[in-house]
Amino acid sequence: MRASQIFVPTLKETPAEAELISHQLLLRGGFIRRLASGLYTWMPLGLRVLRKVERVVREEMDRSGAQELLMPLVQPAELWQESGRWEQYGPELLRLRDRHNRDFCLGPTHEEVISDLVRREIHSYRQLPVNFYQIQTKFRDEIRPRFGLMRGREFIMKDAYSFHMDHASLEITYQTMYEAYQRVFTRLGLNFRAVEADNGAIGGKRSHEFHVLADSGEDAIVSCHHCAYAANMEKAQSRPEPAGTEAPLPAGQVQTPGIRTVAEQAEHLGISAANIVKTVLVVADGKIVMLLLRGDDELNLIKAGHALDAQNVQLASPEEAISATGAPLGFIGPKDLRLPIPIMADHRALGVANFSTGANAAELHWINLNWDRDLPRPEAADLRNVRAGDGCPHCATGTLSIRRGIEVGHVFQLGELYSKSMGITVLDETGRDTPVTMGCYGIGVSRVVAAAVEQHFDDRGITWPVALAPFEVGIVAINARKSPEVAAAAQALHDRLEAQGYSVLLDDRDERPGVQFATMDLIGLPHRIVVSDKVLAQGVWEYRARRATENVLLDETQLMNHLCKEHPRG
RNA sequence: CGGGGCGUAGCGCAGCUUGGUAGCGCGCCUGCUUUGGGAGCAGGAUGUCGUAGGUUCGAAUCCUAUCGCCCCGACCA
């Protein structure tokens, strides 16, 4: 491909709308253009990158035995009403009506459609297991689309759905998908981590997220630097700590005027936050519940939802707090409640001796309380966010660290959720109707493009991994208009490389060398070859890898060997 | 949904406080020169100042409404 034949509108200046480096560089490099909030056009160069991702995903899905199909973006409301998600999904589901006044939605995901297909078409255990996938546009009417491709409203996703007679079969496919995802992200040249994830209210046995590691990531992921343990924040646990062995001190109450926060309380009392048990009131499915945490810990609402077996957990409002306990926020505690409120404590809160907590009266706190002696131990659960430095729950010596990640993949065991709500059954060996077990597996194809840039850029532009680059090799013909020899040599080299199977972009534009170099660097092709009179006179090519800083002079054989080494084929 | 910010040429911005009919840089077009890291000189084109209404002799500027875009928050008692 010659640069004069492909539309690559690069920008010297960064558009004001772009905050994230990937967003900036994809706009500047002419890969994407914004149409409206969360909606992007894939320009010719960007589309080439997107197709690269799709190709790798498709190859690995096919290799793992999944079958590709393509389902509609527009989906009838009836299916969503049947699964219950027409009501549950909320405003993220973009609903629309057709001319006959029938309700539809734009598919944010395709469990309903695939479930409908499978229950119509698959009737026997002999037809299972089966795994269908598609690479298709999704629409989610996000509260706040942001960061360009990272959180768009319309995006491209590979979604797969598997169906099984039993959990053992699901487990096999799940593992197969997990391994396929490992291969996909490895082949794409991304630094990623698979982490244990929370299944949410859906339940099911297992779930893993695949995160590309990047400081700009929206998710916190936890990993042990000693063993293989890794989990996302909602799921991560830490090694239990031995309870304190301090001798109990006499309990008492202390005036704490104007003290609202744990930090203020610790300072006022001259103790550490770890010696405070803080009380968080939440409303779990409409009911007030008191949660206790060590003062230096943070509540994780998702974990609270699990512990309480509640769909919806929110912090209580100041008014709800007063009406439930008689005390304002900041002075609430588990001892001597005037109304019975269910109490649940994080494990670590139960390990604190001689702790301070609210006394259920304005401007009053307890000090030196001890479990069992002063108040009964409440039910214990895991409620806190782990912190960097916590002990690993899986090995004896490791400690946890927290990094940022961009979620690009998710494998999930759905179990019988949809087969029950939508009645997907098959006949088993004995001729009995049996609900099938389901798994689902997603990759954010368009998000992968942005995530890759977040991980691969420098001050001059993008530094694509070879598997993602829109072209593998860039040829810069210096002053080709002045030198027919350069023009001819560059074109001939381009043709030879393409004949070898490389994708090549030949910069044949009538631009000054500086412009050509700047463009090449910005769009981030992995290999650059410069053709000039100077170089031709020496009978060599001037080569430079995008991620290198020095030029290398190579003869044709050396060049071909080098490229071959970088791009193993077959 | 709450809070904040911004809409002026294709892009980045100034002008607005103090109303007088729009400007800078980049890009674009023409010519000449230049040619190894986003060139120089000369000439040129491009704006319903987001939209609608109002105030005024006069509005990019003041007022009202509205649309769009961006950022932050929605997490601690």
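So that the names make sense, note that chain A is the first sequence line, chain B the second, and so on, each numbered from 1. Values below: every heavy atom of this structure, side chains too, minus hydrogens, waters and symmetry copies.
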Touch class at under 4.0 angstrom, heavy-atom based, for A:Ala316 against every strand present: base
Inter-residue atom distance A:His562.NE2 - A:Leu554.CG, 0.5 Å rounding: 7.0 Å
Atom pairs, protein N/O to nucleotides 2-5 of chain B N/O, distance under 3.5 Å:
none

Separation of A:Leu375 CG from A:Leu369 CG (nearest 0.5 Å): 6.0 Å
Value in whole Å for how far the P atom of B:C75 lies from CG of A:Leu383: 16 Å
Same-atom distance (C1') from B:U64 to B:A74, integer angstrom: 31 Å
5'-most by nearest nucleotide on RNA chain B - A:Pro15 or A:Glu298: A:Pro15
Which residue lies more 5' along RNA chain B, comparing A:Leu301 with A:Thr14 via nearest heavy atoms: A:Thr14
Write out a two-atom table: protein N or O, nucleotide N or O from nucleotides 43-46 of chain B, distance below 3.5 Å.
none

A:Arg95 charged N/C atom sitting above A:Trp86 aromatic ring, 6.0 Å / 45°: yes
Qualifying residue for salt bridge (Lys or Arg N to Asp or Glu O under 4.0 Å) with A:Asp296, from A:Arg387, A:Lys278, A:Arg384: A:Arg387
Distance between C1' atoms of B:C62 and B:G15 (Å, rounded): 16 Å
Over 12 non-hydrogen atoms of neighbours within 6.0 angstrom of CG in A:Asp309: no
Sugar-phosphate only, base, or nothing, as touched by A:Glu17 at under 4.0 Å among non-hydrogen atoms: sugar-phosphate
Euclidean distance, A:Ile221 CD1 relative to A:Ile402 CD1, rounded to 0.5 Å: 10.5 Å
Whether A:His365 and A:Phe331 hold their rings parallel, tilted or perpendicular, with breakpoints at 30° and 60°: tilted
Geometric class of the A:Phe355/A:Trp371 ring pair [parallel <30°, tilted 30-60°, perpendicular >60°]: tilted
Nucleotide forming a Watson-Crick or wobble pair with B:G36, both distances under 3.5 Å: none
Any side-chain donor near an acceptor of the partner, A:Thr256 and A:Gln265, under 3.5 Å: no
Nearest-angstrom distance, P atom, B:G2 to B:U56: 35 Å
Spacing of the C1' atoms in B:U8 and B:U46 (rounded, Å): 14 Å
Other residues, nucleotides, ligands: >12 heavy atoms within 6.0 Å of A:Gln253 CD: yes
Span that lies between the P atom of B:C11 and that of B:U48, in whole angstrom: 12 Å
Pi-cation contact, A:Phe471 with A:Arg48 (under 6.0 Å, within 45°): yes
For atom CZ of A:Arg151 and atom P of B:G73, their distance in whole Å: 13 Å
Value rounded to 0.5 Å, distance of CG in A:Leu106 from NZ in A:Lys138: 11.5 Å
Inter-nucleotide C1' distance (B:C29, B:C63), Å rounded: 42 Å
Nucleotide N/O of nucleotides 32-38 of chain B paired with protein N/O under 3.5 Å:
{"unit_1": "B:U34", "atom_1": "O2", "unit_2": "A:Arg512", "atom_2": "NH1", "d": "2.7"}
{"unit_1": "B:U35", "atom_1": "O2'", "unit_2": "A:Asn479", "atom_2": "OD1", "d": "2.9"}
{"unit_1": "B:U35", "atom_1": "O2'", "unit_2": "A:Asn479", "atom_2": "ND2", "d": "2.1"}
{"unit_1": "B:U35", "atom_1": "O2", "unit_2": "A:Asn479", "atom_2": "OD1", "d": "2.9"}
{"unit_1": "B:U35", "atom_1": "O4", "unit_2": "A:Lys482", "atom_2": "NZ", "d": "3.1"}
{"unit_1": "B:G36", "atom_1": "O6", "unit_2": "A:Ser532", "atom_2": "OG", "d": "2.2"}
{"unit_1": "B:G36", "atom_1": "N1", "unit_2": "A:Glu542", "atom_2": "OE1", "d": "2.7"}
{"unit_1": "B:G36", "atom_1": "N1", "unit_2": "A:Glu542", "atom_2": "OE2", "d": "3.3"}
{"unit_1": "B:G36", "atom_1": "N2", "unit_2": "A:Glu542", "atom_2": "OE1", "d": "3.1"}
{"unit_1": "B:G36", "atom_1": "N2", "unit_2": "A:Glu542", "atom_2": "OE2", "d": "2.3"}
{"unit_1": "B:G37", "atom_1": "O6", "unit_2": "A:Arg528", "atom_2": "NH1", "d": "2.8"}
{"unit_1": "B:G37", "atom_1": "O6", "unit_2": "A:Arg528", "atom_2": "NH2", "d": "3.0"}
{"unit_1": "B:G37", "atom_1": "O6", "unit_2": "A:Arg544", "atom_2": "NH1", "d": "3.4"}
{"unit_1": "B:G37", "atom_1": "N1", "unit_2": "A:Asp521", "atom_2": "OD2", "d": "2.9"}
{"unit_1": "B:G37", "atom_1": "N2", "unit_2": "A:Asp521", "atom_2": "OD2", "d": "2.0"}
{"unit_1": "B:G38", "atom_1": "O2'", "unit_2": "A:Lys12", "atom_2": "NZ", "d": "2.3"}
{"unit_1": "B:G38", "atom_1": "O6", "unit_2": "A:Arg28", "atom_2": "NH2", "d": "3.3"}

C1'-based separation of B:C24 from B:A14 [nearest Å]: 7 Å
Phosphate contact (B:C70 OP1 or OP2) by A:Ser37 side-chain N/O below 4.0 Å: yes
Nearest-angstrom distance, C1' atom, B:U17 to B:G68: 26 Å
